[in-house]
Amino acid sequence: MTLKSELSKVVGLLERKYGGVTSLDRDNPLDQLIVLILSSASNQKKAIEALEGLRGRFVDWNEVRVTALHDIDKSISSLGVKALEGKASVIRDVLGAIYARFNKVDLDFCLEKGDKQNVRRRERLFNYLAERSPALPALMTCYFDDRRANVLVNGSLGRMLGRLGLFKKGHTPAKMRKDIEATLDEGERLVFLWGAWQVAEGLCHRSQPDCRDSTSRPHGSVGPVRPRE
């Protein structure tokens with residue numbers, strides 16, 4: 001079996017379990033972040049429909065931040081019951097955290113490159129998002145890096161790929177990245193990143209990996225975004 005066929009199989013499994021987007025096409029960075037959250041256990045088409053539902057019902061993201069959860073649920077009901085679970089809470093938590101940290105509900109500052117203060121703000125944002133899901137900062141990094149689906153292979157992701165048998169022992173992270181980017185198209189890479197980061201950071205631990213958990217739970221039960229307890 002070729003690397004392409006093996007990776008394509010993995011991408012299909014990840015997409016069925018975790019959902020994800022196939023392009024980073026939103027002009028507004030906060031819109032893109034919300035689309036990523038909405039795509040959990042769903043797909044890009046439904047996520048964008050849900051985004052339009054929010055945009056049509058509320059004046060701006062600040063209004064969403066202070067509205068009741070059941071009203072948010074109504075606006076994103078096009079996702080379907082399974083994919084809807086917990087989304088309203090996550091969206092409101094994220095908007096509240098952005099407001100608390102930056103005193104505004106937008107992420108336009110992340111588009112301004114070369115400003116040290118904005119670099120630090122972006123780092124604070126990504127640290128917060130990583131607590132919700134490691135896939136969020138990974139995909140938003142791609143968005144801010146000219147929307148290219150660059151595959152960053154760190155220790156945990158490389159460990160997962162090795163355990164799957166996709167790469168031989170001794171395959172360097174740089175070589176893994178090169179092979180993946182040469183094999184998968186842009187959309188496949190985004191779906192791969194979205195799901196693989198969640199498995200690598202959430203299940204494929206260095207010791208006592210929880211791999212059975214990644215295959216035994218029903219679709220949508222392992223969410224890539226977590227509301228605060």
Exercise. Test Arg120 against Asp115 for salt bridge (Lys or Arg N to Asp or Glu O under 4.0 Å), laying out the working first.
Key: CA-CA 9 Å; Arg120 289 193 294 270; Asp115 185 298; over 6 Å; no
Shortest non-hydrogen separation from [X] to [Y] and the atoms involved:
X: Val153; Y: Pro173; result: O-CB, 3.5 Å
X: Gly20; Y: Trp194; result: CA-CD1, 3.5 Å
X: Gly195; Y: Leu14; result: C-CD2, 3.8 Å
X: Ser42; Y: Ala83; result: CB-CB, 4.0 Å
X: Glu181; Y: Val151; result: OE2-N, 2.7 Å
X: Ala47; Y: Leu38; result: O-CD1, 3.5 Å

Residues [X] and [Y]: side-chain donor-acceptor under 3.5 angstrom:
X: Ser23; Y: Glu186; result: no
X: Arg124; Y: Asn127; result: no
X: Ser8; Y: Ser5; result: no

What's the spacing between [X] [atom1] and [Y] [atom2] if we round to 0.5 Å?
X: Lys17; Y: Ser40; atom1: NZ; atom2: OG; result: 11.0 Å
X: Thr67; Y: Leu95; atom1: OG1; atom2: CG; result: 11.0 Å
X: Leu51; Y: Gln44; atom1: CG; atom2: CD; result: 11.0 Å
X: Ile91; Y: Ile76; atom1: CD1; atom2: CD1; result: 4.5 Å
X: Lys175; Y: Ile180; atom1: NZ; atom2: CD1; result: 10.5 Å
X: Tyr18; Y: Leu13; atom1: OH; atom2: CG; result: 10.5 Å

Could you state whether [X] and [Y] fall into the same hydrophobic cluster, counting links through intermediate Ile, Leu, Val, Met, Phe, Trp or Tyr residues with side-chain heavy atoms under 4.5 angstrom apart?
X: Leu152; Y: Leu193; value: no
X: Leu3; Y: Leu164; value: yes
X: Val119; Y: Phe102; value: no

Donor-acceptor contact below 3.5 Å, side chain [X] vs main chain [Y]:
X: Gln32; Y: Arg26; result: yes
X: Arg122; Y: Leu107; result: no
X: Ser89; Y: Gly86; result: no

Any side-chain heavy atom of [X] sitting closer than 4.5 Å to one from [Y]?
X: Phe126; Y: Phe144; answer: yes
X: Leu161; Y: His171; answer: no
X: Ile48; Y: Asp25; answer: yes
X: Arg101; Y: Leu125; answer: no
X: Tyr143; Y: Leu190; answer: no
X: Val66; Y: Phe58; answer: no
X: Phe109; Y: Gln117; answer: no
X: Leu30; Y: Ile98; answer: yes

Practice problem: Kindly indicate, with the supporting measurements, whether the criterion side-chain contact (heavy atoms from CB on, under 4.5 Å) is fulfilled by Asp31 and Arg55. | Solution: CA-CA 10 Å; Asp31 283 7; Arg55 283 296 200 184; 2.7 Å; yes
Practice problem: Go through Lys4 and Leu184 one step at a time and tell me if the side-chain contact (heavy atoms from CB on, under 4.5 Å) criterion holds. | Solution: CA-CA 7 Å; Lys4 180 172 179 56; Leu184 300 177; 5.6 Å; no
Practice problem: For the pair Asp71 and Arg57, evaluate salt bridge (Lys or Arg N to Asp or Glu O under 4.0 Å) and give the outcome as yes or no after the intermediate values. | Solution: CA-CA 9 Å; Asp71 285 333; Arg57 188 180 181 92; 3.6 Å; yes
Quiz item: Could Arg189 and Asp185 be called an ion pair, given the rule that one side-chain N must be under 4.0 Å from one carboxylate O?
Solution: no
Quiz prompt | Lys/Arg-Asp/Glu bridge criterion (N-O < 4.0 Å) met for Arg65, Asp60 | solution = no
Practice problem: Start with the C-alpha distance between Cys110 and Asn118, add both sets of side-chain angles, then the distance that settles side-chain contact (heavy atoms from CB on, under 4.5 Å), and finish with yes or no. | Solution: CA-CA 6 Å; Cys110 290; Asn118 285 333; over 6 Å; no
Quiz item: Passes side-chain contact (heavy atoms from CB on, under 4.5 Å), Trp61 versus Ile34? Steps please.
Solution: CA-CA 10 Å; Trp61 289 120; Ile34 299 300; 3.7 Å; yes
